[in-house]
Each structure stands twice: as C-alpha cells, then as structure tokens.
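Every heavy atom of this structure was used, including side-chain atoms; hydrogens, water molecules and symmetry mates were not. Since this is a predicted model, take the numbers as computed values, not measurements. Just so we're on the same page: letters track the sequence lines, and every chain starts at 1.
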Protein chains: 2
Amino acid sequence: MPKDRAPTRIQKKNRAMILDAALNVFSAHGFRGATVDQIASEAGLSKPNLLYYFPSKEAIHTALLSGLLEVWLAPLHALDENGDPMEEILAYIQRKLQMSRELPRESRLFANELVQGAPRIHAALSEDLKALVDSKVIILTRWMDQGKIARVHPYHLIFSIWALTQHYADFDVQVRAILGDEDPFEGAEPFVDLLYRKLLTP
Amino acid sequence: MPKDRAPTRIQKKNRAMILDAALNVFSAHGFRGATVDQIASEAGLSKPNLLYYFPSKEAIHTALLSGLLEVWLAPLHALDENGDPMEEILAYIQRKLQMSRELPRESRLFANELVQGAPRIHAALSEDLKALVDSKVIILTRWMDQGKIARVHPYHLIFSIWALTQHYADFDVQVRAILGDEDPFEGAEPFVDLLYRKLLTP
DNA sequence: TCTTGATTTGACCATCTGGTCAAACTCAGG
DNA sequence: CCTGAGTTTGACCAGATGGTCAAATCAAGA
C-alpha cells in the first residue's frame, strides 16, 4: 500500500486510471457482477498491482461513489433561490438531462446501487441527499407560496425530474430499442421542457 | 429432470415456489448477484433439488422474465383506442403506478436487467416491446391529430410514464430515505395525475 | 553510480459458486 | 404391501474470484 505522504506522479495516474476503469465495470455490471481482474485489466494493471493502490474491491467502489456523489448532486445544489423560479427549475432539468447524456456511466453506477437497495450508500442518502433536497424544497415551496410557480407536491416534483432525466441514461438500451437510430436526447429535451413548463405555469 | 408429461402436484408447487423465491432474489441482487443456493434456501429446497426442476440458474431467470413480460406489458396493452383519450391515458398511468406499488419486485427485476444492458432480454425489447409501443403510438398520434390531447412527442410521452411510475418501485430506498414515514404513493398518485392532465390538455 | 523506497508481478491460497451424480427416499396405483 | 416412477440429498468437482506475499524491478535523489 502506498504510504500516505504526498502522492507521487505514478500514484496519481494509477489511482485515476483505476477509478475510471472501475466506473466502466461497476456501472455496467453492478458491484457483485464486477470482478477485480476485469477492473485491473481495463486499467492496464495486474490484479496485485491494483490491490497495491486500493486495499479491496469494496474500497474502490466506496472511493468511486463518494467521489462522484458531489458531482451527482451539483446540479441540484446550483438551483438558486434568487433566480427566476421557472427558469431556475428548467435550467436544473436541462443540467440533469445533460448529465444523463454526458455521464451515463455515473448515472448507471448510482442506479445499480439504488435498485439493489443501496447497501453501500444508505447513510449518504438519508443524510446528505435528504438534507440537500429538504433545503431546496423550502425554496420551491416559497416560490409556490408567492405564486411564482404552480403548487405541486415539491418532493414529487424533484422525484419526477430525477426519474425523467435519469431514465435516458439508466434504461438507455430500452429507449434505443424502441427509438432505433433517432437520438433520444434530441426529442427528450423539448419534451421535458414543455412538460415542466405546462406543469409549473401558475 | 421431471419428464414432460402432465406436471404432478409436487412439480406445480415446487416450480411455483422456486419462481417466487427467484423473483425475490433476482430482483434484490440482479442476475450475477443472486446465487442458486440463496434461491434454493428461500424456496425451502436443497440446491440439487432445485436443479432437478430447472436445468440452470439461467433457465430460472429466463423462465421468470418471459413469464412476467406479459404481466408487465398488460397495462399498456389495455390502452383502448375507443375510449376517451385523456381518461385512457390517465388510467394507464394509474395502472402503472399501481403495479409499482403492488409488484415492486417485478419492476426491479426488469430494472436490474435493463440497467445492465438487458443482456438476456434484448430480443424481447426490440421485437415485442417495440411492436407494442409502435402500435400504441399510432393511437396517441391519431388522438393528437384529432385535437383530443395536446401534441407532444408520443414516444417520449410513453418513456416519461414509465420513468415516473417505475421510479417509485425501482428507487424505493431513495424515495423513502427522503420522504421518511410518508407513503410515497399517497402523494405520487395525485401528482402524476395533475402532471399529465396539464401536459395533455389541448 | 549507488541506495532506498516505490512499484510490479508470478505464484499461491481459501472460499464461493454453478453444476453433477449415484444413492436413498417417497408415494400412488396395482 | 409391492413396485416403479417421481423426488430428494450428501458428497463431490471444476472454475472463478477476492486477496496475500515474497521476490523482483524501477526510479529519483545523494
């Protein structure tokens, strides 16, 4: 195991390669379905070498998830209480949709974890995520009180945004099986924009 | 392996117990994450005994999926071109939501399979499912042409219904981590009803 | 160049897992 | 109560998998 001094050039490079390879493998096969050998070979390392940088498969997975949670929640974090309500929400939705498009592996990593009961990130959900959502729900509720947007159940509003946008990353195969060659996001963007505009217009 | 005569009383009972146990285990852990021993013990059988009824783990999974696909698509199948457009669509949504509530294991079984690229049901998606969706899209499009419902991208309309309703089953842990004790479906039902009423009112 | 810590690896291990098999047990019909 | 088909199981196997370790190799500063 590398000492915990300042990481060397090689340590930085290899840790990064491992995490990227792990993201590929975990997002495609889930935690149980991923093998250390697979991650190692995708990272261009031997298995013992990989385990020189991370003590276990579990440790890689944990490092990945906790490193990406921040990225994952950033779009919601950026929802600004001082902006125009409708535009803020629509912009949030566009950011989420763009993440599904550009970071589908990250989306599926979380989807895999959640659909199996989130055994490894349950704490983060009911602490960090809940706190963030609660704080934004306060803002949404105020906007509704002020008549800036229509009154709807604010928690379900957020759930619906997650569901709609992440669907395109998580269930990509299904969407593509039905749409054929058409780019899913081409139609998705105007669709969700219209949907939330109609829902939230007072 | 049981002969393929008429199944005996014991065969019927054990096959059913195995499929129910397999649904529990596969939906909670995915194909790779499930073990034959786990399914066997949940079904109250020894592993060799279980493999007397199904030739392999794969066979159990296939039997489950193909047996449930029909159930899973039934709500969309029931969308009636002769009914009132708005009521038909809202009823379809309620049926889907009810399935998430009453058959969450089934939902997660498919979610697990899809999120990992649907390696075992890809054919069913691009054949049966696509054909069904295409046929219903024709009906939706006609309703839009007739001005009975607002014009939106019909495929994305269907995707959005799947996303919104299945979210409550597939990502149940996340929803509950945020809502606490509140029953998710209590708020979800009026929320989605309002959402699609606003979206589809011409 | 030499030294020392960082890095890499081949060989190995224990456990888990899907699956097999022959022997034993159960049970309904004659 | 026999008998033969249907059912169940303990013991076992081969391959996969997570992880270890001592020895070998490399790299950078003195």
Review point. Whole Å only: how far is the NZ atom of A:K12 from the P atom of C:dA6?
Key: 16 Å
Point to revise | Interatomic distance, A:I18 CD1 vs C:dT7 P [rounded to whole Å] | key: 11 Å
**Study point:** Carboxylate-amine/guanidinium contact A:R108 A:D170, below 4.0 Å
**Key:**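 Answer for the salt bridge query: no.
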Point to revise | N-O pairing of B:D20 and B:R105 below 4.0 Å | key: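 Yes, B:D20 and B:R105 are salt-bridged.
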Exercise for review: Could you tell me whether B:R15 sits above the aromatic face of B:F54, with NZ or CZ closer than 6.0 angstrom to the six-membered ring centre and within 45 degrees of the axis?
Suggested key: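 Yes, a cation-pi geometry holds between B:R15 and B:F54.
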Review point. Which sits closer to the 5' end of DNA chain C, B:R9 or A:R9, going by the nucleotide each is nearest to?
Key: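 Closest to the 5' end, via its nearest nucleotide, is A:R9.
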Exercise for review: Give a yes-or-no answer on whether the side chains of B:Y155 and B:D134 include a donor-acceptor pair shorter than 3.5 Å.
Suggested key: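 Yes - a donor-acceptor pair under 3.5 Å links their side chains.
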Point to revise | Short side-chain donor-acceptor distance under 3.5 Å, A:H156 and B:Y168 | key: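 Indeed, the side chains of B:Y168 and A:H156 share at least one donor-acceptor pair under 3.5 Å.
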Check your understanding: Counting only side-chain N and O atoms of A:Q11, is one of them less than 4.0 Å from OP1 or OP2 of C:dT7?
Key -> yes
Point to revise | A:S100 side chain vs A:T165 backbone, donor-acceptor pair below 3.5 Å | key: yes
Point to revise | Donor-acceptor under 3.5 Å (A:K136 side chain, A:L79 main chain) | key: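 The answer is yes, because a donor-acceptor pair under 3.5 Å joins these two groups.
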Point to revise | Non-hydrogen side-chain atoms of B:E88 and B:E81 separated by less than 4.5 Å | key: no
Review point. Looking at five pairs on each end of the helix from C:dT1-D:dA30 to C:dG30-D:dC1, what is the angle between the two axes, given to 10 degrees?
Key: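 Answer for the end axes of this duplex: 10°.
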Review point. In B/S/- notation, 5' to 3', how is nucleotides 8-19 of chain C contacted by protein heavy atoms closer than 4.0 Å?
Key: BBBB-----SBB
